[in-house]
2 protein chains.
Amino acid sequence: MSNQQIKQAGLKVTVPRVKILSILEHSGKRHLSAEDVYRELLSHDEDIGLATVYRVLTQFESAGLVCRRHFEGGQSVFELDGGGHHDHLVCIQCGKIVEFVDAMIEERQRAIAAEHGFRIKEHSLVVYGICSGCQTPD
Amino acid sequence: MSNQQIKQAGLKVTVPRVKILSILEHSGKRHLSAEDVYRELLSHDEDIGLATVYRVLTQFESAGLVCRRHFEGGQSVFELDGGGHHDHLVCIQCGKIVEFVDAMIEERQRAIAAEHGFRIKEHSLVVYGICSGCQTPD
DNA sequence: CGGAAAACTGAAAATCTTTCGCATCTTAAA
DNA sequence: TTTAAGATGCGAAAGATTTTCAGTTTTCCG
């Protein structure tokens with residue numbers, strides 16, 4: 001199980017870390033804020049502080065287990081790193097998040113960065129809009 | 001002059017607003033944080049509080065005069081809305097910012113949003129990297 | 001030009017998210 | 001087990017931004 005992942009990250013296998021990783025894996029949502037994780041823990045009667053949640057998520061991030069995203073509106077969200085990079089479509093009404101990847105866009109980004117002499121480290125593309133479920137008839 | 005723009009935005013023409021708009025127009029940089037604006041004001045011996053700077057910038061944003069961007073790393077930056085939308089290339093070393101627009105990327109975004117039933121409201125594409133000036137020889 | 005209502009302002013206090021300090025508790029390994 | 005290194009929880013602190021509030025300034029109109 002996931003205890004291996006924690007160990008491989010060079011971290012001790014502790015209750016908070018196991019629980020938090022488990023929540024990231026099994027809660028329905030792929031994108032969770034630190035608060036979300038904290039609330040899940042509380043609802044499972046785990047006595048884990050918010051500071052620890054942040055600490056652990058940050059460690060998981062350094063270890064490459066999760067990615068942190070800064071969308072508009074306060075909190076960051078964390079998602080399990082499922083390998084491939086991807087961008088996001090975010091509904092500004094209900095918060096729904098859709099992931100996508102587009103080879104053409106990736107390619108253009110590389111070309112543009114090169115034109116300006118930049119060496120790309122990472123990039124973030126977020127498209128904000130209204131999802132079909134939230135659209136009101138005009 | 002720009003007093004007109006303030007008036008047209010439905011705002012009273014006050015000293016803080018005029019000064020702040022002027023700074024946005026005439027300071028060398030296109031991207032300024034609230035702090036940057038505040039420091040400029042101080043250096044012009046204007047007695048305007050940081051709270052007012054935030055208030056005014058937010059009002060200008062609502063009025064469509066400026067755009068607010070949340071790049072990584074704390075503060076937001078504001079830029080005069082020169083009409084066209086554009087994306088950013090940010091140097092994570094020195095903070096240098098390059099603007100760009102790419103028709104192909106814009107087009108793909110529209111197509112992807114449509115595929116998922118989203119109505120785009122806005123989007124933000126930020127590519128983080130190291131600019132030529134900051135690149136150390138490998 | 002005067003006067004008042006409405007809008008605006010600075011300073012300090014309040015929020016909100018995230019991190020830190022530190023005494024205490026766990027884990028991993030001998 | 002024993003123990004040192006590493007983790008944890010709590011409350012306090014930090015940094016960015018917003019709100020509160022009482023005093024000012026603008027605008028509008030007679």
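What you see is a predicted model; the values in this text were computed from it and never measured. Only heavy atoms go into these numbers, but all of them, side chains included; no hydrogens, no water, no symmetry mates. Sequence lines set the chain letters: A, B, ... in the order given, protein chains first and strands last, and positions in each chain run from 1.
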Donor-acceptor under 3.5 Å ([X] side chain, [Y] main chain):
| X | Y | answer |
| --- | --- | --- |
| A:T58 | A:Y54 | yes |
| A:Y128 | A:E72 | yes |
| B:E25 | B:L80 | no |
| A:S43 | A:E40 | yes |

Which whole-number value in Å describes the distance from [X] [atom1] to [N] [atom2]?
| X | N | atom1 | atom2 | result |
| --- | --- | --- | --- | --- |
| B:Y38 | D:dG15 | OH | C1' | 15 Å |
| B:E72 | C:dT17 | CD | P | 18 Å |
| B:E61 | D:dT18 | CD | C1' | 14 Å |
| B:F78 | D:dA16 | CZ | P | 13 Å |
| B:K7 | C:dA7 | NZ | C1' | 15 Å |
| A:Q75 | D:dA16 | CD | P | 18 Å |
| B:E35 | D:dG15 | CD | P | 11 Å |
| B:H70 | D:dA16 | NE2 | C1' | 11 Å |

For A:E61 and A:D81: C-alpha separation, side-chain torsions, deciding distance, then whether side chain to side chain contact (heavy atoms under 4.5 Å, CB included) applies.
CA-CA 9 Å; A:E61 185 190 14; A:D81 188 341; over 6 Å; no
Would you jot down, in residue-number order, the residues of residues 11-21 of chain A having a non-hydrogen atom under 4.0 Å from DNA chain D?
A:L11, A:K12, A:T14, A:P16, A:R17
Whichever of A:Q59 and B:A34 has the more 5' nearest nucleotide on DNA chain D, that residue is A:Q59
Quick one: ring-ring contact (aromatic ring centres under 6.0 Å, His included) partners of A:H86, sequence neighbours excluded?
A:H88
Salt bridge (Lys or Arg N to Asp or Glu O under 4.0 Å), that's the test. Do A:E99 and A:R30 meet it? Break it down for me.
CA-CA 10 Å; A:E99 304 179 343; A:R30 252 185 71 66; 2.8 Å; yes
Under 3.5 Å between N/O atoms: give me all the protein pairs with nucleotides 19-21 of chain D, atom names plus distance.
from	atom 1	to	atom 2	distance (Å)
D:dT20	O4	B:R55	NH1	3.3

Considering just the side-chain nitrogens and oxygens of B:Y54, establish if one lies under 4.0 Å of OP1 or OP2 belonging to D:dT17.
yes
Base, sugar-phosphate, or nothing for B:S76, non-hydrogen atoms under 4.0 angstrom?
sugar-phosphate
Would B:R39 and B:E35 count as a salt bridge (Lys or Arg N to Asp or Glu O under 4.0 Å) if you check the C-alpha gap in whole Å, the side-chain angles of each, and the deciding distance to 0.1 Å?
CA-CA 6 Å; B:R39 269 196 298 276; B:E35 281 280 340; 3.6 Å; yes
Taking atom types as modelled, find out whether A:R119 and B:S132 have a side-chain donor-acceptor pair closer than 3.5 angstrom.
no
